[in-house]
Asks: 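Provided herewith is a single structure, encoded as structure tokens, for subsequent inquiry.
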Amino acid sequence: MIGGLFIYNHKGEVLISRVYRDDIGRNAVDAFRVNVIHARQQVRSPVTNFARTSFFHVKRSNIWLAAVTKQNVNAAMVFEFLYKMCDVMTAYFSKISEENIKNNFVLIYELLDEILDFGYPQNSETGALKTFITQQGIKSQTKEEQSQITSQVTGQIGWRREGIKYRRNELFLDVLESVNLLMSPQGQVLSAHVSGRVVMKSYLSGMPECKFGMNDKIVIDKQGKGGTTDDSGKSGKQSIAIDDCTFHQCVRLSKFDSERSISFIPPDGEYELMRYRTTKDIILPFRVIPLVREVGRTKLEVKVVIKSNFKPSLLAQKIEVRIPTPLNTSGVQVICMKGKAKYKASENAIVWKIKRMAGMKESQISAEIELLPTNDKKKWARPPISMNFEVPFAPSGLKVRYLKVFEPKLNYSDHDVIKWVRYIGRSGIYETRC
Amino acid sequence: MEWASQLCENRGLGSKMTDSKYFTTTKKGEIFELKAELNSDKKEKKKEAVKKVIASMTVGKDVSALFPDVVNCMQTDNLELKKLVYLYLMNYAKSQPDMAIMAVNTFVKDCEDLNPLIRALAVRTMGCIRVDKITEYLCEPLRKCLKDEDPYVRKTAAVCVAKLHDINAQLVEDQGFLDTLKDLISDSNPMVVANAVAALSEIAESHPNSNLLDLNPQTINKLLTALNECTEWGQIFILDCLASYLPRDDRESQSICERVTPRLSHANSAVVLSAVKVLMKFMEMLPKDLDYYGTLLKKLAPPLVTLLSAEPELQYVALRNINLIVQKRPEILKHEMKVFFVKYNDPIYVKLEKLDIMIRLASQANIAQVLAELKEYATEVDVDFVRKAVRAIGRCAIKVEQSAERCVSTLLDLIQTKVNYVVQEAIVVIKDIFRKYPNKYESVIATLCENLDSLDEPEARAAMIWIVGEYAERIDNADELLESFLEGFHDESTQVQLQLLTAIVKLFLKKPTETQELVQQVLSLATQDSDNPDLRDRGYIYWRLLSTDPVAAKEVVLAEKPLISEETDLIEPTLLEELICHIGTLASVYHKPPSAFVEGSRGVQHKRLPPRAGSGESTESPDVGQSGPSEAPPAVIPSQGDLLGDLLNLDLAPPTATVPSVQPSMQMGAMDLLGGGLDSLMGDESDTPGGRTEVQSPQPYSDYSERELGGDIGGSPSMGAGLGAAPAAMPASLGGAPAVGGGLGDLFDLGGGVGMPTGSYVAPKTVWLLAMKAKGLEISGTFARRGGIIQMDLSLTNKAMSVMTDFAIQFNRNSFGLAPAGPLQVLTPLSPNQTIDVSLPLSTSGPVMKMEPLNNLQVAVKNNIDVFYFSCQYPLSLLFVEDGKMDRQVFLATWKDIPNDNEAQFQIKDIHLNSDVASNKLQGSNIFTIAKRTVEGQDMLYQSVKLTNGIWVLAEMRIQTGNPNYTLSIKCRAPEVCPFVYQCYELVLKN
């Protein structure tokens, strides 16, 4: 199991050092600093081994988190734990920075003591942790309160405490999708997939039992078989094939496996209910058509057309097209019909920004790039043209069909809950080779 | 007092925001000040002081001197302060064991506290204080806590048992904590169960033989129930523990799998990977024809793909594991190639791993896409990545035959970029392509040779040298090229030296007359001036071989090489099985067994897959699964290029047959070395026939060497035949064998005197198609039989003014069904005045039609200009197959059986060879001497020949000493071939 956990600043100074096992000594702290932090470029793996000690590291802005062990630990678990550790810290003091860590080092030690015991991760749900690790000095809790804490930390519903009350029962569902594309210069889709998340903010009283439904092809088809043929024909078109999905630990997985229904008692506040991935029938909101021409050795001509491909009534926002330029670029002239375009020498790219664009439109940019003659033999690698945008629909076609809430003990029903649903599609890695 | 004033300010602001100041104070007398502070009456001041101490501890300062003062702060009802003090205790108790005792009372008291959080805190901390004296006091509180009413305390106590076991294993056993821990597996609280499982698994690891976990269907059921209810971490502990269980039968195995599969949808990647581990392991027990087996296979792919959308570090872990899974069960991900395509901004470690998996998944179905991707990658900036991409292109060529041509042309394009490391990498893989597809792509050699000077890496140099040696007969200046390498022989790496030695010997055997000096030079460099034993030994072996029996040398050195396998860098099967049992863990990331990186007794235990379904009734016995993998392990391209291969198949194999029988009459210094060494080597091999059943040693090659050896000895009859004939070919004068040092001179006398047979005779090229008749295209050519493959060697010359492209070739039907076995490999356009040499492999499976004359071949060649026709005649010896040696008895019977009318008699005139040399020479063309009789000064040679279409030709050759005219009688059931066989005799004997 994890033998020790260290947090360093960008210079390699130790901010937090917690050793859980006897086989990890102080020299391990230095070994990581010397071999990883100070040897930046040479280290090409997040798992390294020096002197029979294994180091796992992740980096958050300038901060290095390293878990150390001498045993054959579950590597996936260690990384998951390090991410969780970051989540917990973010939940307590927002940004992970050197200043924040130094200011909260007592809290961090307390957290580390709680969520990692002898190197074994323990309950690390912030909802539960915040009930008894507070930094407000310890309030003298009543016996009931104490046992409530412990039963929650160890219980089956470790993510939610009892006795939550809201005057207004409300929930927000965000379907957040990132659409990824790799397209060849000829417009052939090399790979495309949507990775989506359903994020829920729940402000519900008591221990509500929820059921979430979406236009999952498997569910719709199953229902269609039972229902009228007319119905299945209609819904078949609107359902989507989900390649795979994963759920927050509140979802009953065995129920999903057997009935494909998503039922759960939600944590309070914001959390990620599910993640999913689709690859079929994806709506690609934009198409990029590049044209790069080398005119002699010192000039490049670039023309890029973007076409929006969704309902004209919808508006895409925050559109940004990034056209890479060679390292030896000396000057760029740009003409674009819409938005603003600028050559950014420091980023080696022409950045073209358009605030809004409706569906079924097209726009174009052309640029002349002057090059300095070089005797560098190596060819310019021609990185792909990448795009960023945000659209108010789910490119996978996912639709929320219902989210039902039952709370048998309290007297509010599904109808009393105010529900909000929002769809946002963003670009993930949306690239067209040129 | 600066810090004091600071502190006052802080209090005004609320002390919370400025704890970072503790990291900056570095003043003299700090310890003293802290001491005063710790002993202050004010609670708040104490707390601030302890914080300061902890901060100092964190940055590595020694604050152990404050031990008594800090411990004094322990008695407090402020939980935050208490935790800080505990943190200090855990760090320094070991250095101050006597003082630590002071804390015991507080711990014991805290373990009785009303607040379960405090009880748990006490027992948790106590376990972390590694002082024997304290440990003794720990037992009673721990016993109580293990049975505490509050689950939070119990789950903490469960882990504490593991802590205590780490300090004093005996104590844990004596106190009966293990049994209590086992009871906790039945606890009502899932988290207690999970922690108990974690603790037990860890303790069990250091007792490999104890049946501590004692998993049985009942406990498994409890674990599976807890699995649905506990935290994500608890699920990981339970799944990892489940993976070590061996189900009793396939039904139990299936029911566990069914209950584990829902975990594949968990958001935590570690839960998913651990579930995959359990499934991969238990699947082994399911019968393959079971419907559920197929369902399970299908269910595994999506979650594995989903892992690739996790954070990059987890992607890396996932990819390393997928690499194993793909090797074990390629069917799971065979349709998922696209998800492994590299993204431009993937971290380099993810890119390299993806590339690895792409090669493994490459197949005929997806090769076009893969190649397009790889070509893209080869233009990226990261050197390691580009190299790997180039290498991957070569691997694709070897793996998917249909793509080989495109891969080669892609590689040629890349060579044209002249980027140094790309060129070198390309040459290394082209060498492998040559080995996989002999005589197919040699037309690119010229391009390769252009880049000779830019090669500075040993592997690339060795590869290039291998190519030059292997194709010495096609490269006009092969001797010059190799000579240029020889200049800096001693500065080269061993790899290059060995390769150079072999290459020059090959060259010598192919072009003996021009290269005598060169071979002499390299042999003396290798044997006399080098202190590398490998190099010296190989030098001596070649030397002896050449001086003893050049024919044998030729058979040995130029023997056909075993085909290289499609898959590369495969993990050895037993290791792979073990690693599958470690999916998700560090071992699976390193691709090494835990024993390779874990110290002590932990991890030494080797895990194995359960016995395969249907592998026998006695599934109870764990040995069944280990009795060797059922499929033969695929041969692996050794990472050392083909050095190992060369040594094995060239040097070791023949002496096993000849050392005892041929050598005894010779008294050379090197002989003992050779004979003794080899004998012991062979002895070793036979002593350990079961070597591969041992799991321990991950030596990927030990298995294969054995196989290759065996294969070679049994698999090359022609070699054996060649060696058998050798003693006769040896002139008596050599019997007195001079010492090795002086042996070379004789060697060359021998070469000149005896005349080295050069394999099957190849006629010089003749012009078949005149340029004036074919719009500027001139074709000359000849036929050859090399290593059992019939080849048409063509020289295409462009005598027109414009470039020629799009060459293709076709044959008309002919007597023996000759047909091109592949397309005409003219990859580059033929520019004016350029000549290109192509070698076209032929098969004999084409349509048959009797031609006049029998050996006439009508050929059509097409290019971008027109189609041209010509006809040529091939020597019938082209069709003489290697296994044409007839058994004596059969020969006699057949001879009698064929009617005398079918016998034809010929005279071969002006041959000045004795019968042995003649029969030797003929044998090079697959005319085998079966028996020899000497009657009244006349040598009678009885010979047999077999044609590709199965026709046997028998011959009797009469040689009279002193008479240069031989008499040849040929008998065959198809008498029309006789004149053509006679032609071959004449051709072979006269050239």
Side-chain angles (χ1 to χ4, degrees), chain A residues 14 16-17 22 26 44-47 49 52 54 58 70-77 79-80 83 99 102-103 105-106 109-110 113 117-118 120-121 123 132 137-138 146-147 150 153-154 156 158 191 195 243-249 253-254 256-257 275 277 377-379 381 383-384 429 431, chain B residues 17 19-20 23 51 58-59 79 83 87 115-117 124 130 150-152 155 159 162-163 189 191 198 228-229 231-233 236 240 261-262 265-270 273 302-303 306 309 313-314 316-317 338 341 343-344 348-349 379-381 419 584-587 589 594 597-599 602-603:
Chain A
V14 190
I16 297 287
S17 131
D22 222 23
R26 185 83 200 174
R44 317 199 94 191
S45 151
V47 185
N49 190 308
R52 291 196 149 230
S54 298
V58 300
K70 284 204 163 185
Q71 297 173 28
N72 182 29
V73 295
N74 187 321
M77 185 188 79
F79 279 123
E80 283 284 1
Y83 301 142
E99 192 60 23
K102 282 182 169 175
N103 276 330
F105 80 98
V106 174
Y109 277 124
E110 204 177 337
D113 196 42
D117 190 4
F118 201 41
Y120 290 104
N123 192 334
F132 67 108
I138 209 82
Q146 286 163 4
S147 72
T150 56
V153 174
T154 61
Q156 293 180 23
S191 75
S195 55
D243 287 30
D244 188 39
C245 46
T246 59
F247 296 99
H248 184 268
Q249 57 169 324
L253 293 179
S254 31
F256 177 75
D257 194 56
R275 277 182 189 223
R277 177 167 45 86
K377 266 189 193 159
K378 210 152 75 182
K379 249 174 54 192
I429 296 164
E431 294 178 338
Chain B
M17 288 313 293
D19 280 357
S20 62
F23 285 86
K51 278 192 188 177
T58 298
V59 295
L79 200 57
K83 283 181 179 172
L87 192 62
N115 188 340
L117 292 173
R124 184 165 69 213
R130 307 176 60 89
D150 194 293
Y152 183 76
K155 72 112 183 165
V159 176
K163 290 179 191 170
N189 184 293
M191 197 162 173
N228 285 325
E229 293 166 349
T231 64
E232 45 194 332
W233 314 115
I236 299 169
D240 284 352
T261 32
S265 309
H266 202 287
N268 187 316
S269 309
L273 267 179
T306 299
S309 51
E313 291 88 359
L314 266 175
Y316 174 72
V317 173
K338 274 191 181 176
F341 284 177
K343 292 182 192 135
Y344 186 72
I348 182 68
Y349 52 83
T379 59
E380 285 220 29
V381 274
V419 179
T585 69
L586 263 182
V589 174
F597 59 92
V598 175
E599 280 166 351
R602 281 203 180 104

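Below, each value reflects all heavy atoms present in this structure, side chains not excepted, and no hydrogens, waters or symmetry copies. Order of the sequence lines fixes the chain letters, A, B, ..., with proteins taken first and strands second; residue numbering starts at 1 for each chain.
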Asks: Looking at every non-hydrogen atom in both residues, tell me the closest pair between B/Tyr316 and A/Ser45 and how far apart they are.
Replies: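 That would be OH-OG, 3.4 Å.
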
Asks: Within this structure, what is the CD-CD distance for the pair B/Glu229 and A/Gln249, rounded to the nearest 0.5 Å?
Replies: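 B/Glu229 atom CD to A/Gln249 atom CD measures 12.5 Å (nearest 0.5 Å).
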
Asks: Sort out for me which of B/His266, B/Lys343, B/Glu313, B/Lys338 touches chain A most, counting heavy-atom pairs under 4.5 Å.
Replies: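 Going by pairs under 4.5 Å, I would pick B/Glu313.
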
Asks: Indicate the atoms forming the closest heavy-atom contact of B/Leu273 with A/Ala76, along with that distance.
Replies: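 Taking every non-hydrogen atom into account, CD1-CB, 3.8 Å.
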
Asks: Please flag which part of A/Phe118 lies under 4.5 Å from any non-hydrogen atom of chain B: side chain, backbone, both or neither.
Replies: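 Interface part for A/Phe118: both.
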
Asks: Given that the side chain runs from C-beta out, which part of B/Phe597 has a heavy atom under 4.5 Å from chain A: side chain, backbone, both or neither?
Replies: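 Both backbone and side chain.
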
Asks: Does a salt bridge link A/Asp22 with B/Arg130, judged by any charged N lying under 4.0 Å from a carboxylate O?
Replies: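 Here A/Asp22 pairs with B/Arg130 in a salt bridge, since their nearest N and O are under 4.0 Å apart.
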
Asks: For chain A, which of B/Ala270, B/Pro262, B/Ser269 has the most heavy-atom pairs under 4.5 Å?
Replies: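 Most heavy-atom pairs under 4.5 Å with chain A: B/Pro262.
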
Asks: Examine whether an atom of B/Lys163 lies under 4.5 Å from a heavy atom of chain A, and if so say whether it belongs to the side chain, the backbone or both; otherwise answer neither.
Replies: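 Answer is both: backbone and side chain atoms of B/Lys163 are under 4.5 Å from chain A.
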
Asks: A/Ile16 versus chain B, heavy atoms under 4.5 Å apart: side chain, backbone, both or neither?
Replies: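 Just the backbone, heavy atoms under 4.5 Å.
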
Asks: Quick one, B/Leu87 and A/Asp113 - any side-chain contact, counting heavy atoms below 4.5 Å?
Replies: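 With C-beta onward as the side chain, the pair stays apart.
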
Asks: In terms of heavy-atom pairs under 4.5 Å, which option from A/Pro121, A/Ser17, A/Pro383 contacts chain B the most?
Replies: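 Of the options given, most contacts go to A/Pro121.
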
Asks: Identify the two heavy atoms, one from B/Val589 and one from A/Ala75, that lie closest to each other, and give their separation to 0.1 Å.
Replies: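 Taking B/Val589 first and A/Ala75 second, the nearest heavy atoms are CG2-CB, 3.8 Å.
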
Asks: With a 4.5 Å cut-off on side-chain heavy atoms, are A/Val14 and B/Val59 touching?
Replies: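 No; the side chains remain at least 4.5 Å from each other.
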
Asks: Quick one: pull up CG in A/Asn74 and CG in B/Asp240 and give me the separation to the nearest 0.5 Å.
Replies: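 Here the interatomic distance stands at 5.0 Å.
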
Asks: Supply the atom-to-atom distance B/Leu79 CG to A/Phe132 CZ, rounded to the nearest 0.5 angstrom.
Replies: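 That separation rounds to 10.0 Å.
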
Asks: Checking side-chain polar atoms at under 3.5 Å, does A/Asn123 have a donor or acceptor matched by the opposite partner on B/Thr231?
Replies: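 Not at all, the side chains of A/Asn123 and B/Thr231 share no donor-acceptor pair under 3.5 Å.
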
Asks: Quick one: does A/Asp243's side chain get under 4.5 Å of B/Pro302's, heavy atoms only?
Replies: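 Not in contact.
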
Asks: Quick check on A/Phe105 against chain B: is it the side chain, the backbone, both or neither that has a heavy atom closer than 4.5 Å?
Replies: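 Contact with chain B is through the side chain of A/Phe105 alone.
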
Asks: For the residue pair A/Met77 and B/Ile236, what are the closest heavy atoms and their distance?
Replies: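 Looking at all heavy atoms of both residues, the closest pair is CG-CD1, 3.6 Å.
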
Asks: Looking only at non-hydrogen atoms, find the nearest pair between A/Asn72 and B/Ala587 and report the distance.
Replies: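 Scanning both residues, the minimum pair turns out to be OD1-N, 2.9 Å.
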
Asks: Which heavy atom in A/Tyr120 sits nearest to a heavy atom in B/Ala198, and how many Å separate them?
Replies: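 Looking at all heavy atoms of both residues, the shortest contact is OH-O, 3.4 Å.
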
Asks: Measuring only between side-chain heavy atoms, which start at C-beta, is A/Glu80 closer than 4.5 Å to B/Trp233?
Replies: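 Counting from C-beta outward, A/Glu80 and B/Trp233 do come under 4.5 Å.
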
Asks: In terms of heavy-atom proximity below 4.5 Å to chain A, should B/Leu314 be classed as side chain, backbone, both, or neither?
Replies: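 It is both, since atoms from each part get that close.
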
